[in-house]
Amino acid sequence: MVSAFQKKSASGYSSTEQPQQEDVVLSVNGVSKKFCRDLKKSLMYGVQDIASELFGVRGSENDNLRKKEFWALQDVSFELRRGEALGLIGKNGSGKSTLLRVIAGLIKPDKGTVEVIGRVAPLIALGAGFNPVLTGRENIYANMSILGLAKEEIDDRFDEVVEFAEIGEAIDSPVQTYSSGMAARLGFSCAIHTEPDILLIDEVLAVGDINFKQKCFRRLHELIQKGTSFILVSHNSQSILNVCRNSLYLIKGNFIEIGETRKVLTKYEEQLFNLDRKLSHAFSGAAEYAEKKESESLGLDILSVEFRDSEGERLQSVVSGEEARLYLRCKLTREIENINISLIFKEVLGQNDLVLHISSYNDRVSLALPKGVHSLQVVLPYVCLRPGIYNLDVTVKEDSMYDMDKVPSFMFKVVGKESMNRCLFYQPRHWLSTVEECRK
Amino acid sequence: MLNGKTRQYNRGIRYHVIHRPESKMRQPAKLFREMWQDLLGCRGLAWQLMKRDIYAQYRQSLLGLVWAIIPPIVAAAGFTFAANSKVLNIGETELPYAAYVMFSMALWQTFVESITMPMQQVTKAKQMLAKISFPREALILSGIGQVLFNFGCKLLLIVGMFLWFQIPVTASVFLAPVALIHLIVLGAAIGTFLAPLGALYNDVSKLVPLVMNALVFFTPVVYPVPSGEGAFGTIVRLNPITPLLVTTRELATTGGVSQPVEFWLASILGFIGLLLAWLIYKLAIPYTVERLSS
């Protein structure tokens with residue numbers, strides 16, 4: 001018996017993982033932070049800030065931007081509850097690491113407040129405080145002390161840490177002899193055993209080989225069950241989807257949206273694949289071309305190009321995974337027997353690389369049409385292109401070599417329904433299972 | 001806002017925090033309470049850091065602890081040689097000259113170390129400071145611990161020297177460590193004050209050795225205490241390091257204290273300086289950290 005996988009509800013999580021509605025462990029209110037790009041000025045501003053702090057001058061509204069300063073974070077607010085995992089999404093330089101550092105108390109905000117209940121462990125760098133000359137064993141004590149544990153607590157957890165890190169006998173060798181993977185595993189193992197209340201993970205979610213990565217995820221899952229709250233920064237959308245119910249989206253330090261991870265990720269990916277906002281507004285989904293004079297025509301003139309959906313409605317943007325039809329309105333000035341269409345799709349992101357070349361000639365189908373105005377259609381049952389902006393070159397030929405008309409560059413946009421951050425193309429699929437053996 | 005609940009942990013570090021932009025000096029009582037709690041809570045960490053640094057330093061060296069005692073021996077040898085060949089005209093010292101120079105140099109170098117140690121600790125820990133929140137006082141305590149450890153090594157040299165030159169000691173030798181502590185406190189005050197600035201601008205760490213190399217000649221390290229007349233004598237008398245160093249030396253050897261008033265004045269300067277420096281350090285470190293690379 002074949003049964004399909006059950007469709008989950010919109011929240012996407014099973015019923016055992018209800019959010020704890022009680023304690024709020026972290027409250028961020030209107031936090032802003034400015035940085036300076038110029039090193040010398042930055043150091044000078046540092047001295048100024050120190051002076052204004054010492055004399056009690058520094059207030060709660062540090063609004064003015066001095067020369068070469070910019071806002072790394074602007075007016076960010078959210079709350080985090082016990083046992084909740086929040087994803088932080090944004091391009092490089094959008095202020096995610098800065099936000100984590102303000103929450104951890106490493107840097108002071110310029111405006112706004114951060115209220116924290118419980119112990120915060122920032123997982124921003126693994127193995128900070130490791131001295132390369134000392135052995136792994138000695139460094140565990142140093143590292144876990146820095147992370148806030150007393151000696152007795154380290155003694156209690158010591159064996160677990162060594163076992164989790166899977167370093168084996170090398171634990172008694174100096175850390176400088178470790179490979180970077182071993183050092184990272186040891187650092188991760190120390191950090192994960194500090195059992196904080198709030199864990200801030202900055203792109204170091206899981207290191208090492210597959211087995212170790214799985215162990216890390218299992219341990220993080222256990223921590224969530226125990227009530228640890230997370231804030232996770234990662235460029236790997238799948239990790240954030242798996243771990244975090246909600247996510248926060250930042251652009252250039254500005255708070256854009258907070259909500260269900262799936263929704264926020266889709267918005268993020270749309271932005272990511274869009275190079276230029278101005279460009280995307282120019283996409284109307286259709287282009288018209290002037291009629292050529294009879295004398296200039298080579299037999300067939302393309303009048304317009306547009307995409308329509310399966311019902312014949314004009315499409316502003318093509319949707320990845322769904323049907324789309326390319327309509328070419330053409331005027332024929334004579335009867336033509338062997339009409340072939342060649343379509344070359346290039347992705348604008350990157351170096352205008354060719355992603356798809358289809359032609360009716362290669363498919364061994366051709367058209368014969370009388371004089372008049374006709375609408376040629378290319379039906380794409382599933383558009384497999386991933387979200388982004390594409391350039392389409394359309395060439396209509398007689399036979400295989402005689403070009404009659406071409407549209408050199410028709411720009412259009414593809415949008416996606418789901419997360420396609422890690423796909424190069426769309427793959428249509430069904431999820432099924434069959435009973436092989438029934439056990440009672 | 002949150003309902004103000006606090007969890008109880010026995011780690012001595014507070015767990016309900018509000019990070020605000022305004023200066024902490026606006027709520028001084030809260031600030032002082034925080035500082036005190038941090039200081040108490042960071043002792044375990046300071047001990048671990050100290051152990052880590054000392055092991056690492058000597059593990060990678062052949063001569064190991066010998067390095068702590070070489071500088072005073074070299075200085076003593078050089079100056080004794082110069083004095084004996086009548087190149088330098090140095091007056092009578094109450095101890096044999098070589099012993100005098102060795103002992104005074106050991107004290108002087110301990111003082112210089114207590115100034116440079118906080119700066120070095122902060123600069124070395126840049127990575128940790130930028131990425132992990134831990135009580136920053138631990139670095140300073142660990143640094144002072146290392147200064148004391150290094151002096152402990154020098155002590156072996158000093159005891160050996162006392163035995164060699166058969167220098168008599170009186171009961172007041174047990175008070176000498178107290179005076180030494182006062183000397184270290186003054187150094188630590190200057191060092192802690194300079195540490196945040198030193199992490200930002202490397203001019204500071206270059207300037208300190210220059211100044212100290214000059215100051216050694218304005219302190220009675222290689223010559224006996226001058227009578228106080230003339231410009232030079234006045235400068236030496238006004239130098240706060242002088243009474244601290246001289247008193248430590250005297251307590252360990254002759255037993256009399258020749259500059260009690262100056263000693264206590266300099267000590268008070270040192271202790272108040274250390275408290276002020278601690279406050280400045282605590283307030284300035286977050287600003288230093290944000291300007292460091294991460």
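Letters go in sequence order (proteins before strands), and every chain restarts at 1. Excluded from the calculations below are hydrogen atoms, water molecules and symmetry mates; all remaining heavy atoms, backbone and side chain alike, are included.
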Review point. With chain A, which of L49(B), L197(B), I132(B) has the greatest number of heavy-atom pairs at distances under 4.5 Å?
Key: I132(B)
Review point. Would R37(A) count as a cation-pi partner of F70(A), with NZ or CZ less than 6.0 Å from the six-membered ring centre and within 45° of the ring normal?
Key: yes
Exercise for review: Please look at I103(A) and chain B and tell me whether the side chain, the backbone, both or neither of the residue comes under 4.5 angstrom of a heavy atom of that chain.
Suggested key: backbone
Review point. Checking heavy atoms, do the side chain of I280(B), its backbone, both or neither come under 4.5 Å from chain A?
Key: both
Practice item. Name the option with the most non-hydrogen atom pairs under 4.5 Å to chain B; the candidates are F35(A), Y45(A), F55(A). Key: Y45(A)
**Study point:** Electrostatic pair E290(B)-K108(A), nearest N-O below 4.0 angstrom
**Key:** no
Review point. Contact part of K151(A) toward chain B, heavy-atom cut-off under 4.5 Å: side chain, backbone, both or neither?
Key: side chain
Check your understanding: Between M128(B), M25(B), R26(B), which residue shows the highest count of heavy-atom pairs closer than 4.5 Å to chain A?
Key -> R26(B)
Study note, to complete from the structure: The side chain to side chain contact (heavy atoms under 4.5 Å, CB included) partner of V161(A) among I154(A), I140(A), N143(A), I192(A) is I140(A)
Review point. If you tally heavy-atom pairs under 4.5 Å against chain B, which of G59(A), G46(A), C36(A), A104(A) wins?
Key: G59(A)
Revision key, fill the gap. Under 4.5 Å to a heavy atom of chain A? For R52(B) that would be both
Point to revise | Heavy atoms from other residues, nucleotides or ligands near NZ of K252(A) exceed 12 (cutoff 6.0 Å) | key: no
Check your understanding: For chain A, which of A56(B), A125(B), A138(B) has the most heavy-atom pairs under 4.5 Å?
Key -> A56(B)
Exercise for review: Ignoring hydrogens and angles, state whether a donor on the side chain of H19(B) or E115(A) is under 3.5 Å from an acceptor on the partner side chain.
Suggested key: no
Check your understanding: Step by step, would you call M212(B) with V208(B) a side chain to side chain contact (heavy atoms under 4.5 Å, CB included)?
Key -> CA-CA 6 Å; M212(B) 296 320 287; V208(B) 168; 4.0 Å; yes
Exercise for review: In plain terms, say whether E195(A) and R157(A) are close enough for a salt bridge, that is, a side-chain N and a carboxylate O under 4.0 Å apart.
Suggested key: yes
Exercise for review: Select one option (side chain, backbone, both, neither) describing which atoms of E138(A) are under 4.5 Å from chain B's heavy atoms.
Suggested key: side chain
Review point. Parallel under 30°, tilted from 30 to 60°, perpendicular over 60°: which one fits the rings of F149(B) and Y58(B)?
Key: tilted
Practice item. Can you tell which part of V57(A) gets under 4.5 Å to a heavy atom of chain B, answering side chain, backbone, both or neither? Key: backbone
Check your understanding: Does any heavy atom of chain A fall under 4.5 Å from the side chain of R136(B), the backbone, both, or neither of them?
Key -> side chain
Review point. So what's closer than 4.5 Å to chain A heavy atoms on L129(B): side chain, backbone, both or neither?
Key: backbone
Check your understanding: When you check the gap from the basic side-chain N to the acidic O, do R43(B) and D38(B) get nearer than 4.0 Å?
Key -> no
